[in-house]
There are 2 protein chains.
Amino acid sequence: MVVADRLSPTSYVVLGTIALRGPSTSYDLKRAVGRSIGYFWHFPHAQLYSEPQRLVELGLLEAETEVEGRRRRTYRLTDEGLAELRAWLAEPTPEHFQMRDIAELKLFFNEVGEQGDVARLAREQVAAHRERIAVYEDMRTRYADLDAVAKRMITLRLGLEMEHAALRFWSALLDEVAEEESA
Amino acid sequence: MVVADRLSPTSYVVLGTIALRGPSTSYDLKRAVGRSIGYFWHFPHAQLYSEPQRLVELGLLEAETEVEGRRRRTYRLTDEGLAELRAWLAEPTPEHFQMRDIAELKLFFNEVGEQGDVARLAREQVAAHRERIAVYEDMRTRYADLDAVAKRMITLRLGLEMEHAALRFWSALLDEVAEEESA
DNA sequence: TCCCATACGGTCCGAAACAGACGGTGTGGG
DNA sequence: CCCACACCGTCTGTTTCGGACCGTATGGGA
């Protein structure tokens with residue numbers, strides 16, 4: 001799917017939010033975002049106006065212009081849009097510095113996806129965080145007795161704490177989901 | 001200090017790294033960043049070339065151009081640069097969605113700062129995370145029995161886990177630092 | 001010896017993203 | 001009737017981003 005690489009996280013926020021809420025105007029999106037994922041995912045409201053337009057051009061949304069009163073555009077998901085969103089949810093999450101964020105985003109929109117998506121995501125995340133923890137632990141032992149960098153180690157500790165917390169979360173989630181599936 | 005608002009996190013990464021390593025070329029920065037804070041703070045290497053130049057213009061760095069061989073520029077901190085960096089470390093960390101990142105950054109460079117900086121930072125962070133946790137808990141109880149959003153709650157759980165982890169870290173750090181100070 | 005692969009060191013540029021100022025349009029109340 | 005204010009949206013100049021691209025050394029294999 002070629003459109004996919006013209007899409008950014010913001011695109012999926014828009015698609016996902018419309019998928020959850022149904023047809024929406026930009027302002028609706030603005031408020032919805034502010035009250036929900038806006039808590040952990042930031043972007044300037046201006047993009048909530050330009051992004052849907054782009055998505056219309058890509059055929060993932062369709063716009064309907066109100067004639068009476070203020071001319072507001074209402075966007076609704078096309079079949080292609082829904083397909084794209086679901087494909088994204090089903091697709092492996094590229095490991096990356098922003099990994100946590102992307103994964104959170106996918107998790108947030110999970111209900112739009114398919115059965116196994118959450119489990120897959122969780123498995124990936126468990127693996128990724130384990131790996132990261134290994135890297136950090138390695139750094140820690142390697143520099144353990146270098147006084148010069150001792151002070152910097154503290155950041156590492158924070159990193160480890162966070163990684164462990166994430167790992168705990170995804171592991172627990174995986175367990176829950178696995179149980180459900182086998183039930 | 002008027003220069004301060006021409007500075008971005010990236011600027012402080014540059015200043016801080018040079019403060020820690022001593023005079024450095026852009027390439028040095030590139031590698032140093034890659035091996036240390038690059039693990040949790042991303043940016044494209046191109047900025048490690050343009051940013052120091054900007055900082056020279058602002059008087060926070062001075063450049064020395066090697067004549068023989070390849071013409072590489074070595075940057076060193078000026079007194080103003082060090083002052084600026086220390087001021088930043090001492091300054092309250094604006095609460096923000098990116099708060100965690102900024103705080104991590106300050107923590108990483110803490111050894112350049114003054115005595116009380118870490119404690120102050122930790123106190124701020126403890127307060128900020130507590131507040132955030134309160135907000136999340138509030139959301140949770142408020143939406144607790146709305147089936148419609150039940151699936152979305154899962155993200156909230158992740159958020160809470162992470163917040164708690166951060167809170168634990170900063171609290172522990174605060175204790176340690178406080179002990180040291182009173183000793 | 002010469003050539004090629006690879007690491008080093010750096011520049012450049014088009015495309016997004018960003019912050020946030022700005023500007024209309026309803027609407028309720030004094 | 002008019003003013004204040006919340007609503008809704010646009011626009012713009014600056015940064016940032018990713019990543020393609022380009023020379024220069026180096027060293028090791030043919």
Side-chain angles (χ1 to χ4, degrees), chain A residues 2-14 17 21 23-35 38 41-58 61 63-75 94-99 101-102 105, chain B residues 3-14 17-18 21 23-35 38 41-58 61 63-75 94-99 101-102 105:
Chain A
V2 169
V3 290
D5 40 67
R6 309 229 37 219
L7 301 181
S8 63
T10 302
S11 313
Y12 292 107
V13 169
V14 171
T17 304
R21 300 187 74 256
S24 313
T25 67
S26 289
Y27 197 68
D28 293 335
L29 292 175
K30 184 178 170 181
R31 275 178 314 165
V33 162
R35 275 183 285 102
W41 190 280
H42 163 84
F43 43 67
H45 68 278
Q47 271 186 242
L48 273 335
Y49 291 89
S50 57
E51 188 61 24
Q53 247 127 257
R54 272 193 60 230
L55 295 175
V56 168
E57 280 161 35
L58 294 173
L61 293 180
E64 183 180 336
T65 303
E66 250 179 52
V67 183
E68 48 195 318
R70 313 184 179 202
R71 288 178 281 95
R72 316 162 61 189
R73 253 178 314 249
T74 303
Y75 298 98
E95 193 181 350
H96 206 80
F97 69 101
Q98 277 182 330
M99 171 194 63
D101 297 342
I102 300 280
L105 213 48
Chain B
V3 288
D5 39 65
R6 310 231 37 218
L7 301 181
S8 64
T10 302
S11 314
Y12 293 107
V13 169
V14 170
T17 304
I18 293 178
R21 300 186 74 258
S24 313
T25 66
S26 288
Y27 198 67
D28 294 335
L29 293 175
K30 184 178 168 179
R31 276 177 313 164
V33 162
R35 275 184 284 101
W41 190 280
H42 164 84
F43 42 69
H45 69 280
Q47 270 188 241
L48 273 335
Y49 292 88
S50 56
E51 187 62 24
Q53 248 127 257
R54 273 193 60 230
L55 296 174
V56 168
E57 280 161 36
L58 294 173
L61 292 180
E64 182 181 336
T65 303
E66 252 179 50
V67 183
E68 46 193 321
R70 313 184 179 203
R71 285 177 282 93
R72 316 161 63 191
R73 252 179 316 250
T74 302
Y75 298 98
E95 194 181 351
H96 208 78
F97 69 101
Q98 277 182 331
M99 169 194 65
D101 297 339
I102 300 278
L105 213 50

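Bear in mind the structure is a predicted one, so any value in this text is a computation, not a measurement.
Without hydrogens or angle criteria, A:R73 side chain to A:Q53 main chain gives no donor-acceptor distance under 3.5 Å. Looking only at distances, a side-chain donor or acceptor of B:S26 sits under 3.5 Å from a matching main-chain atom of B:L48.
Note: NE2 (B:H45) to C1' (C:dG10) measures 7 Å, nearest angstrom. Atom pair B:Q53:CD and C:dG10:P shows a separation of 11 Å (rounding to whole Å applied). Rounded to whole angstrom, the span from the CG atom of A:L48 across to the C1' atom of C:dA19 amounts to 15 Å. Atom CG in A:L29 sits roughly 16 Å away from atom C1' in D:dC7 (whole-Å rounding). Taking atom OH of A:Y49 as the reference point, atom P of C:dA21 lies 16 Å away to the nearest angstrom.
Between A:R31 and D:dA6 there is no side-chain polar atom (N or O) within less than 4.0 angstrom of OP1 or OP2.
Here the side chains of A:L55 and A:L7 are in contact, with some heavy-atom distance below 4.5 Å. Between A:H45 and A:Y27 there is no side-chain heavy-atom pair separated by less than 4.5 Å.
The pair B:R54-B:E57 does not meet the salt-bridge criterion, since no charged nitrogen lies less than 4.0 angstrom from a carboxylate oxygen.
Atom CD of B:Q47 is separated from atom OG1 of B:T10 by 4.5 Å, given to the nearest 0.5 angstrom.
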List, with names and distances, any nitrogen or oxygen atoms from the protein found under 3.5 Å away from nitrogen or oxygen atoms belonging to nucleotides 13-18 of chain C.
from: C:dC18; atom 1: OP2; to: A:Q47; atom 2: OE1; distance (Å): 2.4

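Side-chain proximity of B:Y27 to C:dG9, D:dA20, D:dT10: nearest is C:dG9.
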